[in-house]
Amino acid sequence: MSTSNPGPEPKHDHFLRALIREDLRTGRHQGRVATRFPPEPNGYLHIGHAKSICLNFGLAEEFGGSCNLRFDDTNPVTEEVEYVEAIANDVRWLGFSYGERPLFGSDSFGLMFELAKKLIREGKAYVCALNEEEIRAYRGTLQEPGRPSPWRDRPVDESLRLFDEMNEGKHPEGSLVLRAKIDMAASNMKMRDPLLYRIKRAAHHRTGTAWNVYPMYDYAHPLEDAVERITHSICTLEFENNRELYDWVIRETAYPWVPRQYEFARLNLDYTITSKRKLLQLVEKKLVNGWDDPRMPTIAGMRRRGYTPEAVRSFCELIGVAKNNSVVDIGKLEFAVRDDMNRRAPRVMAVLRPLRVTLTNVPEGETEWLEGPYFPADVPEGAAMGGRKIPLSRDVFIEADDFREAPSKDYLRLAPGRVVRLRYGYCVRCEGVTRDAEGRVVGVTATLLRETLGGAAPAGEKVWGVLHWVSAAHALEAEVRVYDRLFAAARPDAYEDFTRALNPRSLEVISGARVEPSVAADGGIARYQFERVGYFYRDPVDCKEDRLVFNKIVGLKETAVADLKPLDDAAPVEALAAKSSKSETRPAGRTRAQLRQLARDNTPVLNEKRAHFERHYGLSSDESDLVTASLSTVGLVEEAIAAGAAAKSVARWVINELPRELGERDVSETKLVGAALGALIVKADDGTLTATVARALLATLVRDGGDVSALIAREGGRLDAAALDEIVTEVLGANADKVAQYRAGKTALVGFFVGQVMKAAKGKAEASAVQGAVQRALG
RNA sequence: UCGGGGAUCGUCUAAUGGCAGGACGACGGAUUCUGGCUCCGUCUAUCUAGGUUCGAAUCCUAGUCCCCGAACCA
């Protein structure tokens, strides 16, 4: 079915979209956008991967670029073709295409090997004979530098020969590795001579036994990106530390294409785990029924559950992309699924737990065929689908939960003496109950109110609700699998043993459900809404011609009804969470203040300057601290003061205004000189320049340098009162709606008006004057 | 010798010195032959403390909290 509704996606710009837009604008990569989704074929894809897939393929789609599906298959011992096929299938199912066939990192093994030899020849890599434990010991710790491997300066020829021998199978696994020669004292552990290659005598799922050495991720990945001429290599936050090494590999191999890596926050969902390892455990310990168990957060599981690709994609759009570690409310996924289902799932009636209602005034053996549309009027997309016939006879089933002998007032369903409507049919009045020997209610008797077909209300009687129902004689029996969230705790990962957080009631198999007969004759519609119950999917594996099996996709949204709250609804066992956070916050390293002091201690004249600034210029201790961390800053300040500017003002500008213009640069890397800064400050202080213009000129000076008085002649000046009033009138006129809001009490809008006027005046108005003029004009 | 990231409604996410916005959720109402959908309304946020500025979520300073990094995994 086509969905005309675009769904909830006013696509806002997340940081990657903004970044690509900027790259396109500045012409990086000749305006190309090439991304990739690079799974390792060692497990099934899950909802977290879906986010990444939607991001990578989505970005490519949006900007007219391309996205490759590439298997990062550098570790033959964990990887299998089964996973390759499942993953490719999942990507296609989500609706993305990746060209003729997927790509493989292993396709570039030859190139990687040659480039590794090049690194060796250039003295940038060496074969190391330390064992695993020794390498770890030599690497040092987070706080302490590492020590160089004794093999670090092994002659190039020897490394070359050994590397070849490693690949020829002349050395056992673990005996030798190829390492990059970078920096054993690097504060980034990834740069302490990282491993490039290790020996693995395992058959690779694609290259067989052709290789005895396999590249490590950090070496292989950037080259795979480069080979594919990827422009934006997007990965998750935990790879931020790897970026430096990524850039090193591209730079040192001198590969003639420079991809760049960007990181975003991986998806975390509450009541869910998205760890391949843990997912694998669930499957292996048979705590679920395979990778495609409908309770699993795998793409295969969601597919089997009945989710559509559109729903999953809409969810991924809904949650956004950022760098915050966050945990998304599972309710958002359910919202996306319901929203999708509401528009696509035809309505039929099914009773999960049947309760027999005998309509005593309907003759036995009589059948009336009623009509029911597949969609309600408020889903116009479904109008074309028409409807189906629904049989009514003397005995019908209603949901056991839809009858109470002693109902509360907000229970809007059947009870003795009450009238309800059987959906698409008649109203009925409950006359009595029938019981078994133990006194349990096993049925209800009711009379059918003939005149109420087609919506007519029974004379003088309240209709308590509308119930779904099926004709007992015609209904089909079905098995219905009702799924609940797999975990009872919001954060299963917080448990020492995450399987203890499993929800014992995540699956309930209902075997005696009854479904209206139309489902056997509608050509096998895949997804229905069982009215008033939820959305259901014909199980693609177990549902057969002669055996109906439905999976619950998701329930209808329910507004709370006190009378229906299950009494034994155990609270999630949150209390067990015991595992302390894996990496407790560590003591901070050097603070910036310490760094500045360190710089001064290394260059003693700076310490003198600091004292001097305090004594002679009256700067506060903090101010003089902040402007004496480098010689270039000190020089700038002194020159500015020499040019006649007040020391206090200079400090203020250097501390508060300059950093914005500088960014990461040092003053010496810009065109700004102290004399110009001083001249600028003088003009700002004496009122020649408005604050806004002065700030704009600072930006100009940093960027282009130049003569201050010439710049002032060009950019300076200030509006007189009449010109200002004119602009104010103009701005207010153009924003009549805001003016009305302001007068209605939204005084925060003053800032908006001032801002607009400042903009229109190009800064040539003093803010206080503008404020006054605006206030006067607004009354 | 520690380094790299991050902190905005209950949740997710916008706002490049100028109206703190959207979505989920919750609550209330309208509508309804689904306790659904739809519509309307309400709710709730800039980690803390100082500073700069006419104006700060945004710039500066100090602090707090969270995440990642020492696999021959990716």
Side-chain angles (χ1 to χ4, degrees), chain A residues 8 10 12-14 38-40 42 72 74-75 78 131-132 135-136 139-146 173-174 177 185-190 192 195 197-200 216-218 221 237-244 263 265 270 318-329 331-332 335 338 342 347 376 378-379 410 412-413 421-425 455 463 465-468 529 531-533 556-561 564 581-583 585-586 589-593 622 626 652 655-657 659-660 691 738 741 746 748-756 758-759 766-771:
Chain A
H12 66 257
D13 246 7
H14 52 68
E40 183 187 14
N42 68 347
D72 212 350
T74 57
N75 187 354
T78 56
N131 66 33
E132 196 169 346
I135 287 180
R136 203 185 353 263
R139 187 144 40 212
T141 69
L142 295 173
Q143 280 79 20
E144 297 296 325
E173 271 186 33
V177 293
S187 50
N188 180 354
M189 300 290 288
K190 286 269 156 10
R192 320 246 261 226
L195 273 61
Y197 269 91
R198 77 289 215 196
I199 300 170
K200 286 216 186 272
M216 301 288 291
Y217 166 86
D218 283 307
H221 203 87
L237 248 30
E238 66 268 26
F239 290 96
E240 278 174 329
N241 295 305
N242 301 59
R243 189 175 55 231
E244 193 179 355
E263 308 88 13
D270 57 11
L318 199 63
I319 56 176
V321 177
K323 298 189 78 156
N324 302 342
N325 286 309
S326 56
V327 182
V328 174
D329 182 350
K332 279 203 171 61
F335 165 81
R338 279 194 197 104
N342 179 49
R347 274 62 167 172
D378 54 38
V379 184
D410 68 348
L412 306 176
R413 307 180 189 184
R421 179 175 291 279
L422 297 181
R423 183 135 165 94
Y424 305 122
V463 178
V466 179
L467 305 187
H468 60 281
Q529 183 194 108
E531 292 206 62
R532 302 212 309 132
V533 181
L556 261 26
K557 185 176 162 186
E558 284 177 73
T559 46
V561 179
L564 292 174
S581 115
K582 185 168 150 203
S583 65
T585 303
R586 299 188 175 85
R590 285 239 171 71
T591 67
R592 295 208 249 187
D622 283 349
L626 290 167
R652 187 180 77 61
I655 292 168
N656 289 310
E657 305 295 345
R660 182 191 355 252
K738 306 271 198 216
Q741 285 174 38
K746 193 168 178 184
L749 282 168
V750 176
F752 167 75
F753 292 121
V754 173
Q756 292 297 303
M758 294 292 275
K759 213 161 279 174
E766 196 58 61
S768 54
V770 173
Q771 196 107 22

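This structure is a prediction, so every number in the text was calculated from the model and none was measured. A, B, ... follow the sequence lines: proteins, then strands. Residue 1 opens every chain.
- Between the P atoms of rG21(B) and rG35(B), the separation comes to 35 Å (whole Å).
- Comparing the P positions of rU61(B) and rG4(B) gives an interatomic distance of 15 Å, to the nearest angstrom.
- Counting any heavy atom pair closer than 4.0 Å across all strands shown, Thr78(A) reaches no nucleic acid atom.
- A salt bridge is absent between Glu173(A) and Lys200(A); no separation between the charged side-chain nitrogens and carboxylate oxygens falls under 4.0 Å.
- Here Arg413(A) does not reach the OP1 or OP2 of rU34(B): none of its side-chain N or O atoms lies under 4.0 Å away.
- rA30(B) shows a glycosidic angle more than 90° from 0 and is accordingly assigned anti.
- Phosphate proximity of rC73(B) to Lys200(A): present, with a side-chain N or O under 4.0 Å from OP1 or OP2.
- With hydrogens and angles ignored, no donor-acceptor pair under 3.5 angstrom links the side chain of Arg592(A) to the base of rU61(B).
- Rounded to an integer number of Å, the gap from CZ of Arg652(A) to P of rU61(B) is 15 Å.
- One donor-acceptor pair, N or O on each side, does fall under 3.5 Å between the base of rG51(B) and the side chain of Asn656(A).
- Looking at heavy-atom distances under 4.0 Å, Val463(A) makes no contact with the nucleic acid at all.
- In the model, Asn242(A) has a side-chain atom that pairs as donor or acceptor with a side-chain atom of Asp218(A) under 3.5 Å.
- A salt bridge is absent between Lys190(A) and Glu244(A); no separation between the charged side-chain nitrogens and carboxylate oxygens falls under 4.0 Å.
- With hydrogens and angles left out, the side-chain atoms of Glu40(A) and Thr74(A) include no donor and acceptor closer than 3.5 Å.
- Taking atom CD of Glu240(A) as the reference point, atom C1' of rC2(B) lies 17 Å away to the nearest angstrom.
- Taking atom NZ of residue Lys557(A) and atom P of nucleotide rU32(B), one finds them 19 Å apart after rounding to whole Å.
- Backbone-only engagement by Glu238(A) is indicated by non-hydrogen atom pairs under 4.0 Å involving sugar-phosphate atoms exclusively.
- Both Gly751(A) and Gln771(A) lie close to RNA chain B; mapped to their nearest nucleotides by heavy-atom distance, the more 5′-ward contact belongs to Gly751(A).
- At whole-Å resolution of the value, CD1 in Ile655(A) and P in rC59(B) are 17 Å apart.
- The interatomic distance linking Asp329(A) (CG) with rU44(B) (P) rounds to 20 Å, in whole Å.
- The base of rG69(B) lies outside donor-acceptor range of the side chain of Asn188(A), with no N or O pair under 3.5 Å.
- At a threshold of 4.0 Å, the pair Glu132(A)-Arg198(A) does not count as salt-bridged, since none of the basic side-chain nitrogens sits closer than that to a carboxylate oxygen.
- Atom CG of Leu237(A) and atom C1' of rG5(B) are 6 Å apart (whole Å).
- Residue Asn241(A) has no polar side-chain atom (N or O) positioned under 4.0 Å from OP1 or OP2 of rG3(B).
- The shortest distance between the side-chain N/O atoms of Thr591(A) and the OP1/OP2 oxygens of rA62(B) is not below 4.0 Å.
- In this structure, Glu531(A) places its CD atom 9 Å from P of rG35(B), rounding to the nearest Å.
- For the pair Phe752(A) CZ and rA15(B) P, the interatomic distance rounds to 18 Å; values are reported in whole Å.
- One can find a donor-acceptor pair under 3.5 Å joining the base of rU34(B) and the side-chain atoms of Gln529(A).
- Heavy atoms of Pro376(A) sit under 4.0 angstrom from at least one base atom.
- As judged by a 4.0 angstrom heavy-atom cut-off over every strand, Arg139(A) is placed among residues touching the sugar-phosphate backbone only.
- Residue-level contact check: Gly425(A) touches the bases, meaning some heavy atom is under 4.0 Å from a base atom.
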